[in-house]
Every structure is written in structure tokens, then in C-alpha cells.
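Just so we're on the same page: letters track the sequence lines, and every chain starts at 1.
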Amino acid sequence: MSAPEASVQVSFKNRAKTALADRTLKIAIDRTTGTAEAKRAVAVAAFPEFQDARARGRAIKDHVIAYLDHYLEQFERNATASGAKVHWASDDAEARAIITRICLDAKARLVTRSKSMLGEEIGLPHALADAGIERVETDLAEHIIQLAGEAPSHIVWPAMHRTREQVAELFKIAHHPPPAADDPATMVQSARRELRAKFLGADIGISGSNFLVADTGATCTVTNEGNAELTTTPPRIHIVTAGIEKIVPTTAHALSLLRLLVRSATGGELTQYTTFHCGPKRPGDADGPEEMHIVLVDNGRTRMLANEFREMLRCIRCGACMNHCVVYRQIGGHAYGGTYPGPMGSVLTPVLNGLAGSRDLPNACTMNGRCAEVCPVEIPIPTLLRAWRIRSWRERLEPGSLRAGIGVWAVLARRPGLYRLASRIGVRAIRLFGKGGWITRLPLAGGWTAHRDLPRPTGRTFMDQYRAQQADKGDRP
Amino acid sequence: MSGQPNPRVGLFVTCLVDAIRPSIGFSAIQLLEEAGCRVEVPQAQTCCGQPALNSGDEKDAAALARQTIAAFEGFDYIVLPSGSCAGTIVHGYPNLLANDPVWAPRAQAMAAKTHEITSFLVDVMGFHTKGRRLEATATYHDSCAGLRELGIAAQPRALLAEVEGLEMRGLEGNDVCCGFGGTFCVKYSDISNAIVTEKAEAIERTEADLLLAGDLGCLMNMAGKLNRRSARTRCFHTIEVLAGRAGGPAIGEEG
Ligand code: SF4
């Protein structure tokens with residue numbers, strides 16, 4: 001991966017702290033996730049079969065994951081028959097190499113790209129820059145973060161960390177001429193003017209794919225801006241990058257999942273643009289690319305097939321888990337330090353970047369379960385985060401102080417008599433640190449008392465009081 | 001509904017209630033007895049094992065699971081005044097011990113008869129709150145584990161609705177985590193603080209006299225934040241109100 005491994009661990013807490021201090025960021029996060037949450041709730045309420053659709057979505061994904069090799073081969077045969085060239089990349093480096101080679105062979109100078117998280121995962125933006133190829137992002141939000149030199153902070157709204165006001169400032173500097181006003185319509189118009197000129201001059205268009213349809217060999221892209229169509233149609237060459245888990249058996253299955261994806265992501269019923277690309281331009285076609293390349297990327301996915309994170313392969317990248325996550329809603333996407341933020345990112349980043357550098361991510365979660373509750377393909381995210389914690393414990397990546405603390409506690413908890421005694425002493429000791437009902441400062445509990453008071457234990461432990469009561473009762477005839 | 005009119009119930013007090021607020025344990029005994037149960041408090045209980053389980057320490061978590069099962073499996077029912085600890089026994093234990101041929105069936109049998117107290121009172125015992133009066137306004141926070149792992153939402157509300165004079169007020173974001181998360185709140189205390197601050201703001205907006213919830217961990221977090229903010233909201237465990245103990249000191253008030 002492009003991100004240096006150690007940075008994720010060393011600075012997660014610091015990045016979170018910086019994010020927490022940024023009030024504008026919080027306003028931006030609340031606007032987007034709040035709207036997404038409300039709209040999703042309305043969409044789900046208006047779709048009485050939602051739970052059945054979820055179960056079906058999950059079943060479709062489980063089926064293709066179980067027969068992944070079969071469907072991938074079928075896809076390759078059909079895509080090849082339609083005239084596309086299928087490439088296999090086992091990791092991010094191989095994917096970057098394949099794509100840059102296609103670009104260099106075609107002597108491409110200008111590449112347009114429509115938003116794709118896989119592209120981010122494999123480090124495509126940097127790879128193109130290193131190869132001296134100009135890249136133009138055609139998705140509005142990607143355009144914003146490209147101008148700002150930032151990474152996406154959300155998998156559906158990459159620029160959600162920026163308020164409309166901040167975007168207006170950015171466009172004023174970067175657009176020529178600058179937008180005449182800062183209402184959304186004028187800003188979008190301005191971006192469109194900047195981008196349209198590039199669309200038509202691009203040598204290559206690169207897109208992601210939401211679904212790979214095995215029985216037709218088609219790749220399906222959904223957007224709300226229509227930018228994918230303008231990225232994939234005018235240039236001479238179209239490159240699709242897709243994770244191998246994007247496969248579905250038929251178009252009907254893609255549409256079943258699409259119903260879940262759109263409702264979960266934006267609360268809409270259908271995306272504005274849903275396009276199936278089936279091979280390059282054929283004789284008689286009005287438009288389309290002359291060459292179509294499909295790069296199928298593994299990058300850790302077959303490893304997940306065989307381990308405890310297999311269920312994560314069901315993910316359809318809707319973003320609902322992060323929109324409903326209390327942690328994400330406080331710190332935003334950049335604090336996570338990986339390509340994918342939020343709950344799903346906390347499962348995936350250790351797969352992609354290694355656990356040693358990202359062990360904070362599965363730990364920085366209250367296990368409240370809301371992500372799993374809204375996930376359209378029923379991924380048990382908290383269970384998967386716990387699986388990382390178990391690995392982290394086994395591999396001794398947890399801080400020594402925590403291990404020692406849990407060790408002492410476990411010794412006591414496994415000996416009820418000793419535990420009683422320790423509780424009795426502990427309660428008495430803790431009571432010394434407060435007057436009245438509250439403790440405002442307690443040694444070794446600074447994480448608690450830095451931000452909140454601790455209710456002072458009310459007196460003797462329950463067990464002591466209960467035993468005394470029972471003894472009283474026993475004394476009575 | 002249970003076949004037996006007077007089931008033998010093992011009360012798992014939970015470690016927080018034992019140490020910080022025994023009144024919740026006594027409320028549980030009182031309500032269970034009012035519902036017709038014969039209540040016992042096994043002395044071999046300590047902690048359900050969540051700190052180990054959530055830290056990834058499966059070995060110690062499994063050892064505590066076995067110890068807890070051995071202490072409680074003889075009862076008709078096991079009841080806890082905490083959705084979070086009940087969830088650990090109901091879902092955590094069978095998973096932890098799934099590959100142990102001796103303990104897996106025992107964990108499952110134990111899980112099948114373990115309940116959080118308000119759901120036990122309503123769903124199993126068909127209990128109704130009778131003769132309780134409390135002139136107050138209150139709001140209720142749904143603790144996450146109880147809500148999502150055990151489906152506890154209607155039961156506490158049904159019991160509270162039967163308390164005369166008590167006016168319940170809706171809480172915005174009632175089903176959103178308060179930021180406690182066990183060790184999370186000290187390991188990631190800045191993030192936890194941001195979450196509980198929002199929760200406290202929502203609670204204060206209700207202008208209710210009381211905040212009620214079913215888990216002492218979450219209550220300590222919210223009450224501690226409310227107090228730090230000098231809010232006037234008084235915090236109780238749901239069953240303290242149901243047992244008629246809301247006349248006494250709230251969490252953080254001196255007895
Ligand atoms: S994990 Fe589930 S909720 Fe999160 S992005 Fe993937 S499909 Fe959506």
C-alpha cells in the first residue's frame with residue numbers, strides 16, 4: 001500500500017484529536033451523515049420488503065463468494081468474447097503496473113477518471129502522476145479533493161469533510177474564471193465548465209465498477225452525476241478496475257443488490273445513471289471506446305476468502321456503516337489513515353496495510369452494533385472487529401500495560417473469594433478519593449476523569465451487604 | 001410464559017453494580033420476588049468476562065465463561081440487571097466455547113435461560129408494575145447491547161408506563177451509543193468524550209428530571225458527564241424506579 005504502515009498506529013489518536021478540535025469538520029460531517037441517515041430511514045420505511053431484500057442480497061454475495069473462481073472465469077470468457085481485454089492483478093503494485101503500461105503504450109497524456117475507491121486502494125492517482133500522465137477527476141467531489149490535494153474521507157462522498165463554504169473558497173482560487181456566486185448551482189456549473197473541456201480531450205477514461213456480471217461479461221457503473229458515462233465513452237480507451245468480489249451471476253442479481261446499495265447509500269430508489277459496459281465499440285455503434293481493458297484486482301481478497309474476515313467480501317461499499325457510526329461522526333474519515341474509513345475500513349485496513357500498523361482501528365469502537373444493524377448485506381462488523389482484537393492479543397500487539405491489567409484482573413476474577421476481598425478493598429480505596437457522591441480525579445483513571453466525574457461507590461459492596469442480610473435472616477427463628 | 005409459577009432465579013449482580021451501586025442489585029431482588037421468583041445470589045460469581053472478551057483475550061474470557069456457567073446453570077433462569085452482560089452470556093459464551101465439545105452445549109443451555117431483567121419480567125413472568133407512583137418527568141436511553149443483541153426496547157418502556165405520575169419524554173438519538181464502550185471510554189477517552197457530550201446535550205434538551213437506562217456502565221458515563229456539565233438531570237437505573245427507589249439518592253448523590 002502507498003500509506004506507510006507505521007503511520008496508522010503511531011498517529012491514529014493524534015489524528016483523531018486534531019479532527020475533534022476542528023469544528024468546521026464536525027459541521028460538515030453532521031450535515032452529510034445526518035442527511036444520509038434520515039434519507040436512508042425514509043427509504044427503508046417505504047420499502048416493506050427491505051429485510052427480505054437484505055437477506056437476498058446477503059445470499060447472493062455468499063453464493064458468489066463460495067463459487068468465486070467459477071464466476072470469475074465465466075466473466076472473463078464473456079468479457080473477452082465481447083471484445084474486452086481482461087487483466088488479473090494479484091496486488092496493488094501489479095494493478096498499478098498494468099494500468100500504467102496500458103497508458104504508456106497508448107502514449108496517453110490526459111486521463112479522465114470517475115470515482116472509484118479501488119483506484120484509491122491501489123494508489124492509482126500517485127501511479128499516474130509518477131508516470132507523468134495528467135489525471136482529471138470527473139466526479140464533483142473527487143474534483144474538489146483533487147484541487148485540495150486530499151484523499152477521500154468517505155467512500156460515497158469523498159469530499160464530505162469540506163463544507164459548501166470551504167468548497168466555494170477553493171473554487172474561487174482554482175477555477176478560471178472563478179464561479180460568479182457560491183450557491184451550489186453556480187458552483188456545479190463552474191466545475192462542469194472546467195471539467196467538460198477535459199472530458200473530450202482525454203486519451204483514456206478510467207472507471208471503477210459496482211458489479212461485474214458473469215453471464216454477460218458486462219461491467220456496471222452507477223453514479224448520480226453522469227460523469228462515469230462521460231469518462232468511459234469519448235476516450236479511445238476505457239479501463240475498468242474492479243475488486244474480484246464485485247462479481248454477480250446475472251444482471252438480475254446486480255439489480256437486486258443495486259436496490260439495496262442505493263437506498264443504503266443515499267436513500268434514493270435508484271441512481272441517476274446506471275450503465276452496463278459490454279466490450280468496446282462495435283461496428284455500427286454510434287460511440288464508445290476502441291479498446292476496453294478490465295483489470296481484476298485481488299489485493300488480499302483471496303486471503304480473506306480463507307480466513308475469519310470472509311464475510312467482509314460481501315461489502316457493496318454503500319457507506320451506511322460510517323454514516324451511522326458514532327466514532328466516524330466525531331472524527332471523520334481522514335483520522336482512520338487508510339483508504340477505507342469507518343467501520344468497514346477498520347476491518348479492511350488491517351487486511352490491506354497489516355495489523356501491526358493499524359491495531360488502533362478495530363479497538364477504537366464501542367461495539368454498539370449500529371453498523372451491523374444498517375449494513376444492507378448483514379456483515380457482522382463488530383464480530384469482525386473483535387476477530388482483529390483476538391489476533392492482536394495473540395500476536396502480542398496490545399500495549400504491555402493493558403495486557404498486565406487484564407492479567408491481574410483475570411487472576412482475581414477467576415477466584416471469587418479473592419475477588420470479593422479485592423472489590424471490598426477497591427471500593428474502600430476509591431471512596432477515599434471523593435467527598436459526597438462524586439470523584440473528580442482518580443489516579444489510573446485519568447481517561448475517565450479528564451472528561452467526566454465518577455460516581456463514588458455508595459458504600460459496602462452488594463455482596464457484603466447481601467451476605468449480611470442473609471446472615472440476619474438466618475439468625476431469626 | 002414459563003411453565004412454573006415460582007421459578008428459581010439466579011441473580012448475576014454484575015461487577016459494576018456490586019462495587020458502585022448495590023441499590024440496583026437490591027431493586028432486582030425486590031422486583032423478581034414481587035414477580036413470584038425465588039431469588040438466589042450465587043457466591044461464585046465475579047464478572048461475566050467482557051473486559052477480556054473485548055480486549056481479544058479469549059483465553060481468560062473462556063475461563064470466566066466456564067466459571068460463570070458452572071455457578072449458574074442449575075437455575076431455572078439467570079437474570080442480570082444489564083443488557084450488556086446478559087448479551088455476553090447469551091451470544092458471547094456460545095461463540096467462545098463453540099469448539100469445546102463439553103462446554104458448548106452447556107453454554108447454549110445457559111444462554112437459552114439467561115435474560116436481562118426488564119425483558120425477563122415482561123416476556124417471561126408477564127409482570128406488571130403495580131402501586132408505584134413517582135411525580136417526575138423522565139427520558140430513557142436505549143443501551144446498545146440490550147437493544148441490538150437482545151431486542152430490549154418495548155419492555156422497559158411498558159413497565160415505566162405503569163408507574164403513576166411518571167411522564168416519559170422522547171430522547172433524540174435514544175438508540176445512539178453514549179460512548180461508553182467498556183474499556184473504549186478510557187482507551188480512546190477524547191473520542192468517547194465527544195460522543196457523550198452530544199448525548200448529554202440531547203438529554204439536557206429534554207428538560208426531563210430523570211435519565212433512565214438499563215446498564216450501569218452507560219449510566220455512569222452519562223451521569224458523570226452530566227454532572228461535569230453541571231446539569232440537573234438525576235440518573236437512575238430503570239429498575240430502581242420500578243422498585244420505588246427513585247425517592248432515594250440518584251447516581252452520584254450522597255445517601
Ligand atoms: S460494510 Fe455494509 S454498510 Fe458498510 S459499506 Fe459495506 S455494505 Fe455498506
Side-chain angles (χ1 to χ4, degrees), chain A residues 13 16-17 20 326-327 330-331 363-370 372-373 383 386 388-394 398 402-403 406-407 409-410 412-416 419-420 423 426-427 430 436-438 440 445-448 450-463 465-467, chain B residues 13 15 17-23 25-26 41 43-47 49 51-58 60 63-64 67 144-145 147-149 175-177 179-197 220-221 223-225 227-228 249 251-255:
Chain A
K13 283 187 183 176
K17 209 172 188 141
L20 288 169
V326 281
V327 174
Q330 295 298 340
I331 65 175
N363 279 292
C365 165
T366 67
M367 300 299 224
N368 66 75
R370 210 153 175 249
E373 185 179 63
T383 308
R386 183 173 283 126
W388 276 126
R389 295 182 186 188
I390 291 169
R391 280 207 187 193
S392 188
W393 189 270
R394 272 198 210 133
E398 299 304 307
L402 177 73
R403 297 185 73 90
I406 293 279
W409 165 85
L412 296 172
R414 292 174 63 176
R415 289 162 187 78
Y419 185 84
R420 288 285 96 74
S423 308
V427 161
I430 292 174
W438 295 101
T440 50
W448 182 284
H451 302 296
R452 32 178 135 43
D453 298 327
L454 184 72
R456 190 165 169 239
T458 52
R460 288 191 300 156
T461 65
F462 173 88
M463 284 299 191
Q465 295 185 42
Y466 177 78
R467 273 203 299 211
Chain B
V13 189
C15 45
V17 169
D18 180 44
I20 308 282
R21 196 161 169 86
S23 145
F26 290 111
V41 183
Q43 291 299 304
Q45 63 179 287
T46 61
C47 166
L53 190 63
N54 284 339
S55 301
D57 174 9
E58 279 190 306
D60 284 322
L64 278 168
Q67 172 179 313
C144 302
L147 177 68
R148 300 202 177 82
E149 291 175 22
D175 63 342
V176 175
C177 177
F180 174 61
T183 49
F184 171 85
C185 70
V186 285
K187 282 200 279 187
Y188 300 93
S189 78
D190 295 333
I191 302 174
S192 172
N193 176 47
I195 300 171
V196 73
T197 300
M220 286 167 61
N221 182 40
K225 189 70 207 178
N227 194 60
R228 184 64 62 93
I251 292 171
E253 286 175 1
E254 213 174 358

Note to self: Evaluate A/R403 against B/D57 for salt bridge (Lys or Arg N to Asp or Glu O under 4.0 Å), listing each step before the verdict.
What the structure shows: CA-CA 9 Å; A/R403 297 185 73 90; B/D57 174 9; over 6 Å; no
Margin query: For the NZ atom on A/K17, are there more than 12 heavy atoms of other groups (residues, nucleotides or ligands in this structure) within a distance under 6.0 Å?
Written below: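 Count not over threshold, so no.
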Next item on the list: Over 60° means perpendicular and under 30° means parallel, so classify the ring planes of A/Y466 and B/F26, tilted if in between.
Entry: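 Ring orientation, 0 to 90° scale: tilted.
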Margin query: Need one label for A/R420: side chain, backbone, both or neither, based on atoms under 4.5 Å from any heavy atom in chain B.
Written below: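 Contact with chain B involves the side chain of A/R420 alone.
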I'd like to know which of [options] tops the heavy-atom pair count under 4.5 Å against chain A.
options	result
B/V186, B/I195, B/V17	B/I195
B/A63, B/G182, B/C185	B/C185
B/A194, B/G181, B/S23	B/A194
B/I20, B/D18, B/V13	B/D18

Between [options], the one whose heavy-atom pairs under 4.5 Å with chain B are most numerous:
options	result
A/A410, A/A372, A/A413	A/A413
A/T440, A/L454, A/N363, A/I430	A/N363
A/A450, A/G446, A/C365, A/G407	A/C365
A/S423, A/A364, A/G459	A/A364
A/V327, A/T383, A/L402, A/L412	A/V327

Check: Mind checking what makes salt bridge (Lys or Arg N to Asp or Glu O under 4.0 Å) contact with A/R394, not counting sequence neighbours?
Finding: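 Expected list: B/E58.
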Heavy-atom closest pair, residues [X] and [Y]:
X	Y	value
B/C177	A/T366	SG-OG1, 3.2 Å
B/P22	A/Q465	CG-NE2, 3.6 Å
A/R414	B/D60	NH1-OD1, 3.5 Å
A/G447	B/S189	O-CB, 3.1 Å
B/N54	A/R389	O-NH1, 2.8 Å
A/W438	B/G224	CZ3-CA, 3.7 Å

Note to self: A/H451 and side chain to side chain donor-acceptor pair (under 3.5 Å): which single residue from B/N221, B/T197, B/D190 fits?
What the structure shows: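 Running side chain to side chain donor-acceptor pair (under 3.5 Å) over B/N221, B/T197, B/D190 with A/H451 returns exactly one hit, B/D190.
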Is [X] close to chain A through its backbone or its side chain, or both, or neither, when contacts mean heavy atoms under 4.5 Å?
X	answer
B/R148	side chain
B/L147	neither
B/A145	neither

Atom pair [atom1] ([X]) and [atom2] ([Y]), whose distance is rounded to the nearest 0.5 Å:
X	Y	atom1	atom2	value
B/T183	A/I406	OG1	CD1	6.5 Å
B/E149	A/N368	CD	CG	10.0 Å
B/C15	A/W409	SG	CH2	7.5 Å
B/K225	A/W448	NZ	CH2	11.0 Å

Notebook entry, point to check: Quick one: are A/R467 and B/V41 in side-chain contact, heavy atoms under 4.5 Å?
Noted result: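 No - every pair of side-chain heavy atoms lies 4.5 Å or more apart.
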Margin query: Could you tell me if B/N227 and A/R452 have a donor-acceptor pair between their side chains, going purely by distance under 3.5 Å?
Written below: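 No pair is found: no donor N or O on one side chain lies under 3.5 Å from an acceptor on the other.
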Checklist line | Partner of A/V326 by side-chain contact (heavy atoms from CB on, under 4.5 Å), out of B/V176, B/V196, B/I191 | finding: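 When B/V176, B/V196, B/I191 are each tested with A/V326, the side-chain contact (heavy atoms from CB on, under 4.5 Å) holds only for B/V176.
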